[in-house]
Amino acid sequence: MAKKTFESALAQLEDIVREMESGELTLEQAVKKYETGIAQTKFCLDILDKTEKKITQLSRTSTGEPKETLFEAETPPE
Amino acid sequence: MAKKTFESALAQLEDIVREMESGELTLEQAVKKYETGIAQTKFCLDILDKTEKKITQLSRTSTGEPKETLFEAETPPE
Amino acid sequence: MAKKTFESALAQLEDIVREMESGELTLEQAVKKYETGIAQTKFCLDILDKTEKKITQLSRTSTGEPKETLFEAETPPE
Amino acid sequence: MAKKTFESALAQLEDIVREMESGELTLEQAVKKYETGIAQTKFCLDILDKTEKKITQLSRTSTGEPKETLFEAETPPE
Amino acid sequence: MAKKTFESALAQLEDIVREMESGELTLEQAVKKYETGIAQTKFCLDILDKTEKKITQLSRTSTGEPKETLFEAETPPE
Amino acid sequence: MAKKTFESALAQLEDIVREMESGELTLEQAVKKYETGIAQTKFCLDILDKTEKKITQLSRTSTGEPKETLFEAETPPE
Amino acid sequence: MPAQNKDGRTYTVGRLTREIKSLLEERYPFLWITGEVSNFVTPASGHSYFSLKDTNAVISCVMFKNQKRRLQFRPENGMKITGMARISLYEPRGSYQLIFEHMEPAGAGSLQQAFDALKKKLADLGWFDPAHKKTLPFLPGKVSVITSGTGAAVRDIIHVATRRFPGCRLEIVPVKVQGETAEAQIEAAIRLVNRMKTSDVIILARGGGSIEDLWAFNTETVACAIYESEIPVITGVGHEIDFTIADFVADLRAPTPSAAAEMVLPDQQALAQQVNRLNLALNTAMEKRIRLLKDRLSELGGRLKSPARVVDDFRFRIEDAENRLHAAMDRKVSRDRERLFWLRRTLENSLPISRIREKAKQVTDLKGAIDMAMTRYTDTGAARLRELSARLDTLNPAAILDRGYSITRELGNGRVVTDADTVSTDDRVEIILAKGRLVTRVESPE
């Protein structure tokens with residue numbers, strides 16, 4: 001996996017849960033899987049817990065350089 | 001046996017219990033078996049204890065806060 | 001007999017007792033048998049003593065604390 | 001007789017007693033027989049005494065402590 | 001007569017008595033017979049004495065201690 | 001007569017008495033006969049005395065000591 | 001014969017007309033139709049009435065003012081149009097007509113034609129193939145929204161996005177969405193976002209509008225930019241029924257901008273719940289596993305009985321054997337001793353001193369017998385001697401002396417002197433008297 005994504009982590013977590021519920025793992029394997037599962041959980045929750053709401057605006061300067069500014073909705077609709 | 005695992009120890013313990021229950025062992029054998037059985041029990045218990053500790057620790061880190069009630073879910077924390 | 005085991009000694013002892021109880025031995029034979037029987041008794045009791053010690057020790061180490069009541073399970077410790 | 005045993009001595013004694021009770025011996029024969037009989041008696045008694053001592057000694061060593069009551073098991077020590 | 005035994009002496013003595021009581025002997029013959037008879041008597045009594053002593057001694061040694069009551073077993077020693 | 005015995009002396013004495021009682025003897029003859037008779041009488045008396053002495057002596061030696069009570073065994077010694 | 005239908009009823013005009021109306025209207029609720037416009041009139045009401053014809057037939061049509069507002073062209077007589085209409089029967093006149101909801105010019109040179117042509121071209125190029133469609137990330141780290149910086153679309157997207165995923169990272173790339181520069185701006189925006197490479201997904205959005213308003217989204221330039229975008233693009237252009245070329249090329253088409261935001265961003269709460277649920281399941285499975293193993297281990301531990309009981313059993317067995325051994329030995333010795341004592345007693349009784357004493361008595365009895373016999377011999381001898389001696393005494397020749405006779409004997413040889421001649425003077429003789437004797441010397445023989 002080139003890059004660990006939330007999705008792959010979730011899928012792996014799901015696989016792990018399935019495997020662990022199947023009861024066909026040795027304790028050692030189960031512990032390893034559990035460890036991995038916990039890591040995936042942490043990974044996922046970390047992503048989800050990021051509550052910082054950030055909306056930026058990407059535009060170009062007059063010279064054509066990309067410019068990132070904070071986006072401000074002109075008039076909130078209220 | 002390349003490596004002694006929890007499962008192999010448990011299986012050996014089961015064999016020992018069965019053999020001892022069959023009552024067909026000599027005294028010497030019975031004592032040896034008992035010795036081995038005790039060792040396997042201890043081995044398994046150690047592994048379980050360590051596993052439990054590890055799990056407690058892991059499940060703590062996964063949520064970022066202590067989760068003491070992981071294995072005592074029945075006891076309400078008051 | 002390649003090795004004298006507890007069981008073989010016990011069996012010999014019991015054979016001797018049976019022979020002596022049959023009353024068909026001469027005094028000399030009886031004395032010899034008696035002598036052998038006493039030796040077997042001693043041999044067996046020694047083994048049993050050692051065995052008992054070992055068992056006590058084993059069940060002590062298995063729990064990590066003395067377990068004096070192992071052989072007097074009937075006596076409640078008050 | 002290669003070796004004089006308790007039993008052979010006892011058997012001889014019995015023969016002597018039978019002969020003497022038959023009343024067919026001359027006085028000299030009777031005295032001789034009597035003498036022999038007494039000798040056999042003494043021989044047998046010696047053996048029995050030694051045997052008893054040996055037994056007492058043996059039963060002492062087998063338990064590691066004196067077992068005075070071996071032949072007076074019925075008499076309580078007090 | 002190869003050897004003079006108690007029995008032969010007793011028999012001779014009895015013959016002498018018979019002869020002497022027949023009254024057919026001369027005084028001289030009678031005296032001679034008497035002399036012989038007395039000798040036989042002495043011989044017999046000597047043997048009996050010795051025998052008695054021997055028996056007493058034998059029955060004493062057979063038990064290792066004097067056994068005066070051997071023949072008066074009915075009389076309690078008070 | 002080769003040897004003069006008690007019996008022959010006594011028989012001679014009888015002959016003498018019978019001859020003298022026949023009265024056919026001269027005084028001298030009678031005196032001679034009488035003298036012979038007296039001699040025979042003495043001879044016989046001597047023999048009897050000696051015999052008696054011998055008997056006493058014999059019955060004494062037969063027991064080794066005076067055994068006056070030999071024939072009065074029923075009489076206790078007190 | 002009366003003109004009646006089968007139930008015997010005769011239609012009234014109104015009834016028949018009503019039945020025909022409902023038949024028609026039910027059969028053709030909506031239909032697409034193409035034809036040539038003629039007799040186009042728009043009275044003061046603002047509604048337009050016209051006929052649609054082809055070489056074979058002609059049909060009356062109407063388009064109400066409201067629908068007309070959205071038309072992007074002005075229908076004229078002789079113009080070929082395609083439109084969507086429903087059929088309606090006007091009872092007072094007994095005539096049916098088509099009521100147009102929408103229409104657009106048909107035929108070469110029109111926008112629709114251009115659209116169709118481009119669509120066909122791109123389809124032939126395979127740009128619409130599902131094979132080219134990229135999968136949208138499940139949870140994009142950053143979402144670039146290419147749309148007008150003002151207007152409902154961006155507001156809706158921001159609103160939906162922050163509702164669904166409060167932590168989402170939104171990047172607005174404002175562009176003109178209509179007008180002459182729209183096409184270039186949209187393309188530039190797509191390419192810019194691709195160059196920045198910081199976004200995981202692009203939302204290309206615009207509110208609804210006429211086909212002319214949406215023109216930029218139907219251009220090949222935009223389509224190409226979308227096609228070449230390495231970042232997945234989701235379109236949310238116009239309203240639900242509006243399809244643009246961009247929609248076809250995009251990796252995913254949402255009917256509206258809000259929908260696009262919704263499709264791009266998962267529900268954060270639901271996701272958190274899912275993760276927590278999985279985490280719980282994971283923990284439960286692990287705990288269950290451990291509990292199970294513990295139970296099994298404690299069950300086995302309980303069954304692993306210490307051999308102490310076995311040792312005790314053996315001890316009892318040995319003690320029993322030992323006791324029996326001692327007992328057997330004791331029994332043996334005491335039996336032998338008894339037997340020996342019995343034999344000794346029997347032996348001693350077999351030669352009792354009484355027997356010796358009996359023998360002694362026998363011997364002494366015999367001695368008594370010989371003593372008696374001996375005594376008898378001596379007594380008998382003595383008695384006879386006494387008798388003979390007595391008889392001899394009476395015959396003693398000396399007896400005549402008592403009467404005074406005496407006997408003279410030569411002293412020395414004892415010869416009785418019966419003849420005086422036999423003696424000489426001075427011979428010594430003895431004279432035996434009745435009592436005593438005299439020794440004398442012969443004086444003289446006479």
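Chain letters run A, B, ... following the sequence lines, proteins first and then strands; every chain starts at 1.
- Most heavy-atom pairs under 4.5 Å with chain G, from the set D:Ile47, D:Asp49, D:Leu27: that is D:Asp49.
- A 4.5 Å side-chain heavy-atom check between G:Asp336 and D:Glu7 finds at least one atom pair inside the cut-off.
- Atoms CD and CG, on D:Glu14 and G:Leu340 in that order, are 10.0 Å from each other to the nearest 0.5 Å.
- Other residues, nucleotides and ligands place no more than 12 heavy atoms under 6.0 Å from the CD atom of G:Gln269.
- Note that NZ of G:Lys332 and CD1 of D:Ile55 are 11.0 Å apart. Values are rounded to the nearest 0.5 Å.
- In D:Lys54, the NZ atom is not crowded: 12 or fewer heavy atoms of neighbouring residues, nucleotides or ligands sit closer than 6.0 Å.
- Contacts between G:Ile356 and chain D at a heavy-atom distance below 4.5 Å involve the side chain alone, from C-beta outward.
- Within 6.0 Å of CZ on G:Arg163 lie more than 12 heavy atoms contributed by other residues, nucleotides or ligands.
- Taken to the nearest 0.5 Å, the CD atom of D:Glu52 stands 8.0 Å off from the OG atom of G:Ser334.
- Atoms CZ and SG, from G:Arg344 and D:Cys44 in turn, are 11.0 Å apart once rounded to the nearest 0.5 Å.
- Across all their heavy atoms, D:Val17 and G:Leu343 have their closest contact at CG2-O, 3.6 Å.
- Considering all non-hydrogen atoms of both residues, G:Leu347 and D:Ile38 come closest at CD2-N, 3.5 Å.
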Mind running side chain to side chain contact (heavy atoms under 4.5 Å, CB included) on G:Thr346 and D:Met20 for me, showing each step along the way?
CA-CA 9 Å; G:Thr346 313; D:Met20 290 198 66; over 6 Å; no
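- For D:Leu25, the part sitting under 4.5 Å from any heavy atom of chain G is the backbone (N, CA, C, O) and nothing else.
- By the side-chain hydrogen bond (donor to acceptor under 3.5 Å, both in side chains) test, G:Arg289 is found to be paired with no residue, residues two or more places apart in sequence or in another chain being considered.
- The distance from atom CG of D:Leu13 to atom CZ of G:Arg339, rounded to the nearest 0.5 Å, is 9.0 Å.
- Legend: residues meeting side-chain hydrogen bond (donor to acceptor under 3.5 Å, both in side chains) with D:Glu19, ordered by chain and number and at least two apart, are D:Lys33.
- Counting heavy atoms from C-beta outward, D:Leu45 and G:Phe341 have side chains that approach closer than 4.5 Å.
- In this structure, the separation between CZ on G:Arg335 and CG on D:Leu48 is 12.5 Å, given to the nearest 0.5 Å.
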